[in-house]
2 protein chains.
Amino acid sequence: MPKIVVPDEKRRRRRPTRGGTILTETLIVETALRLLREHGSTGLTARRLGLALDCDPSTLYRYFRGMDELTLAIGDTLIGQALRGWSPSGDWRHDLGTLGRRIHGAYVSHPQAAVLTTARVTGRANELAADEAVLSVLRHAGLPVREAAAVYHAFIDQTLAFAALDAASLALPNAALRADEEIWRSTYARLPSATHPHIAEVAPLLATEMVASAYPGALELLLDGIAARLDGLATRG
Amino acid sequence: MPKIVVPDEKRRRRRPTRGGTILTETLIVETALRLLREHGSTGLTARRLGLALDCDPSTLYRYFRGMDELTLAIGDTLIGQALRGWSPSGDWRHDLGTLGRRIHGAYVSHPQAAVLTTARVTGRANELAADEAVLSVLRHAGLPVREAAAVYHAFIDQTLAFAALDAASLALPNAALRADEEIWRSTYARLPSATHPHIAEVAPLLATEMVASAYPGALELLLDGIAARLDGLATRG
DNA sequence: TCGCTATGGTCAACTGCGTTGGCATAAGAT
DNA sequence: ATCTTATGCCAACGCAGTTGACCATAGCGA
């Protein structure tokens with residue numbers, strides 16, 4: 001068994017599969033993303049991936065140590081998509097806002113994949129680049145190391161937390177989604193005001209309110225907080 | 001197979017299992033919580049649950065339509081634990097803070113279970129009670145219906161989002177946890193300052209910073225925001 | 001007290017999952 | 001042309017959720 005997995009760059013012999021396709025790490029990841037989109041966050045299986053790539057499932061173990069490592073590669077690809085083409089403008093507020101929205105957006109636009117990876121640390125190239133970018137913006141804005149660390153933590157966790165939550169509800173398997181919608185219709189929308197007066201009162205409003213993400217608002221609040229902290233530093237010394 | 005599942009209150013004939021235990025919905029849920037704690041968030045299986053309860057896995061289908069419905073019941077139990085013994089003090093800021101910390105705390109104290117349920121709508125009794133409580137606090141604080149709906153959305157999503165993220169990292173399967181820690185040690189802590197200067201600079205700080213949750217701070221920010229909105233309402237009319 | 005019936009527990013089986021060890025073969029070096 | 005070995009394939013293992021058929025018995029009406 002392949003205890004050793006050859007990294008993509010080091011591969012020399014690219015032998016085509018039974019069906020003629022030539023495998024690549026990126027081809028595998030992209031196909032995995034497609035399967036996730038098509039079949040939901042539990043729909044990525046080694047067998048299905050093998051079928052889609054027209055290769056044996058076990059072949060995948062030549063490229064990744066297991067499904068977990070494939071998951072990490074998928075996560076890093078998402079971060080890569082978020083950063084593609086970005087460069088700092090020099091305005092910290094604008095840059096942080098853009099980074100946050102881009103990362104959140106990349107995850108949310110692949111909700112089924114995001115569910116699998118938001119809470120993981122990949123340590124791969126794109127993740128490192130993103131962290132470096134955020135920290136760089138904070139330091140150039142004038143935050144001392146200690147404050148930069150704290151703010152970095154809040155910023156990245158809030159971004160990932162909302163990404164995870166938003167992605168999770170977008171990515172529910174169809175059955176669960178229908179179940180949740182059904183609960184909304186059959187339970188929340190019909191609650192008698194005798195027992196649940198306040199829910200009954202806002203139910204119609206929530207129907208439109210709850211579909212949008214609360215992230216943009218929360219992000220602005222956070223940026224306000226950072227601005228206040230920077231003001232404090234400037235006036236005090 | 002049992003298309004019809006008899007709700008717990010309606011059960012009449014409580015026949016003991018092969019091993020003598022008498023099944024209950026709550027006994028099943030509590031055993032499930034124990035299994036989740038002991039075996040991680042993927043460690044709850046029908047077979048294992050049957051083993052722990054000394055009954056056949058298929059028996060569980062007499063109580064829940066499937067593992068998904070059991071999951072929802074587990075989620076509602078968590079919310080129930082969060083609210084147990086709580087009653088409003090009348091001070092909206094204190095009450096909202098307490099509700100947020102209790103809900104976040106209940107999920108985080110059962111991280112493996114939280115991972116499965118944070119993004120689900122159960123529509124069961126405890127969830128409804130929690131929603132009603134939050135909305136009630138907001139309305140009594142003086143927020144008009146429309147604002148209450150928006151703030152409710154931000155509040156509950158932020159609480160759940162951080163709960164989901166914090167729980168997810170606490171609940172990683174041991175293998176993944178070790179993998180992530182290893183990445184931290186082998187990659188982040190050793191990044192050369194030539195390529196990633198800002199990460200290298202804060203790496204020692206982050207080691208202590210990243211273990212704590214960013215939720216309490218984020219919650220206070222949100223409460224500040226609500227306070228400001230209430231001030232605006234008071235002075236303007 | 002007796003029997004009927006529906007509840008609720010059990011058994012065996014199906015499909016699909018990740019993963020592994022052994023094997024075959026073609027790509028690339030010589 | 002030949003050799004090595006990287007890389008793909010095959011068969012199999014154990015475990016998952018779920019289902020249908022079967023059976024024991026609790027609790028009811030007589």
Side-chain angles (χ1 to χ4, degrees), chain A residues 1-25 27-28 31-32 35-36 39-72 74 116 173 175-176, chain B residues 1-25 27-28 31-32 35-36 39-72 116 173 175-176 179:
Chain A
M1 266 296 83
K3 305 261 176 185
I4 315 154
V5 169
V6 181
D8 211 48
E9 322 82 68
K10 299 261 157 137
R11 256 161 218 284
R12 344 245 337 246
R13 317 191 175 180
R14 319 219 74 129
R15 179 169 154 197
T17 76
R18 177 180 34 186
T21 24
I22 291 200
L23 297 180
T24 324
E25 205 173 288
L27 176 63
I28 296 176
T31 310
L35 288 188
L36 281 168
H39 296 98
S41 60
T42 59
L44 173 63
T45 72
R47 291 176 202 293
R48 203 141 36 189
L49 192 47
L51 211 63
L53 288 163
D54 202 8
C55 74
D56 191 89
S58 65
T59 305
L60 301 168
Y61 289 76
R62 302 276 182 207
Y63 290 81
F64 302 98
R65 244 174 270 282
M67 294 305 276
D68 187 70
E69 201 178 283
L70 170 60
T71 297
L72 295 185
I74 292 173
L116 304 180
Chain B
M1 267 297 83
K3 306 260 174 182
I4 313 152
V5 169
V6 180
D8 211 47
E9 322 81 67
K10 299 261 158 136
R11 261 162 212 283
R12 348 243 334 252
R13 321 196 169 175
R14 319 218 74 129
R15 177 170 153 200
T17 75
R18 176 180 38 186
T21 23
I22 290 200
L23 296 181
T24 325
E25 204 173 289
L27 175 63
I28 296 176
T31 309
L35 288 188
L36 282 168
H39 297 98
S41 60
T42 59
L44 173 64
T45 72
R47 287 165 150 74
R48 199 137 44 187
L49 192 46
L51 211 63
L53 289 164
D54 202 7
C55 73
D56 192 88
S58 65
T59 306
L60 301 169
Y61 289 77
R62 302 274 181 208
Y63 290 81
F64 302 97
R65 245 175 269 282
M67 293 305 276
D68 187 70
E69 200 178 282
L70 170 60
T71 297
L72 295 185
L116 305 180

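Order of the sequence lines sets the chain letters (A, B, ...), proteins ahead of strands, with each chain counted from 1.
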Original post:
For the pair made of CD1 in B/Ile22 and P in C/dG9, what is the distance, rounded to whole Å?
Top reply: 9 Å
Original post:
What distance do B/Leu49 atom CG and B/Asp54 atom CG have between them, rounded to the nearest 0.5 Å?
Top reply: 12.0 Å
Original post:
Below 4.0 angstrom from OP1 or OP2 of D/dC9, is there any side-chain N or O of A/Arg18?
Top reply: yes
**OP:** Would you give the length of the straight line joining atom CG of A/Leu116 to atom CG of A/Leu72, rounded to the nearest 0.5 angstrom?
**Re:** 10.5 Å
**OP:** Work out which heavy atom in B/Ile28 is nearest to a heavy atom in B/Tyr63; give both atom names and the distance.
**Re:** CD1-CG, 3.6 Å
Original post:
Taking CG from B/Asp56 and P from D/dA21, how many angstroms apart are they, rounded to a whole number?
Top reply: 17 Å
Original post:
Can you check the A/Tyr61 OH to D/dC9 C1' distance for me, whole Å?
Top reply: 15 Å
**OP:** Could you work out which one of C/dG9, D/dC9, C/dT19 sits closest to the side chain of A/Met67?
**Re:** C/dT19
Subject >> Rounded distance (Å) that lies between atom C1' of D/dT7 and atom CD1 of A/Ile28 >> reply: 12 Å
Original post:
Can you find a pair of side-chain heavy atoms, one from B/Leu70 and one from B/Leu60, that are under 4.5 Å apart?
Top reply: no
Original post:
Quick one: is B/Ser58 getting a side-chain N or O under 4.0 Å of the C/dT10 phosphate, OP1 or OP2?
Top reply: no
Original post:
Where along residues 43-54 of chain B does a heavy atom fall under 4.0 Å from DNA chain C?
Top reply: B/Arg47
Subject >> Partners meeting side chain to side chain donor-acceptor pair (under 3.5 Å) with A/Thr17 (sequence neighbours left out) >> reply: A/Thr21
Subject >> OP1 or OP2 of D/dG8 under 4.0 Å from side-chain N/O of A/Tyr63 >> reply: yes
**OP:** Look at the side chain of A/Arg15 against the base of C/dT25 and say whether a donor-acceptor pair falls under 3.5 Å; ignore hydrogens and angles.
**Re:** yes
Original post:
Quick check: does any side chain N or O of B/Thr24 sit under 3.5 Å from a backbone N or O of B/Leu27, one acting as donor and the other as acceptor?
Top reply: no
Original post:
How many Å lie between CZ on A/Arg62 and P on C/dA24, as a whole number?
Top reply: 14 Å
Original post:
With respect to the side chain of A/Pro57, which nucleotide from C/dT19, D/dG8, D/dC9 is positioned closest?
Top reply: C/dT19
Original post:
Can you tell me how far P of D/dA16 sits from NE2 of B/His39, to the nearest Å?
Top reply: 10 Å
Subject >> Separation of D/dG8 C1' from A/Leu23 CG (nearest whole Å) >> reply: 8 Å
Original post:
Who pairs with A/Asp68 by side chain to side chain donor-acceptor pair (under 3.5 Å), at least two apart in sequence or on another chain?
Top reply: A/Arg120
Original post:
In whole angstroms, how far is the C1' atom of D/dA16 from the CG atom of B/Asp68?
Top reply: 16 Å
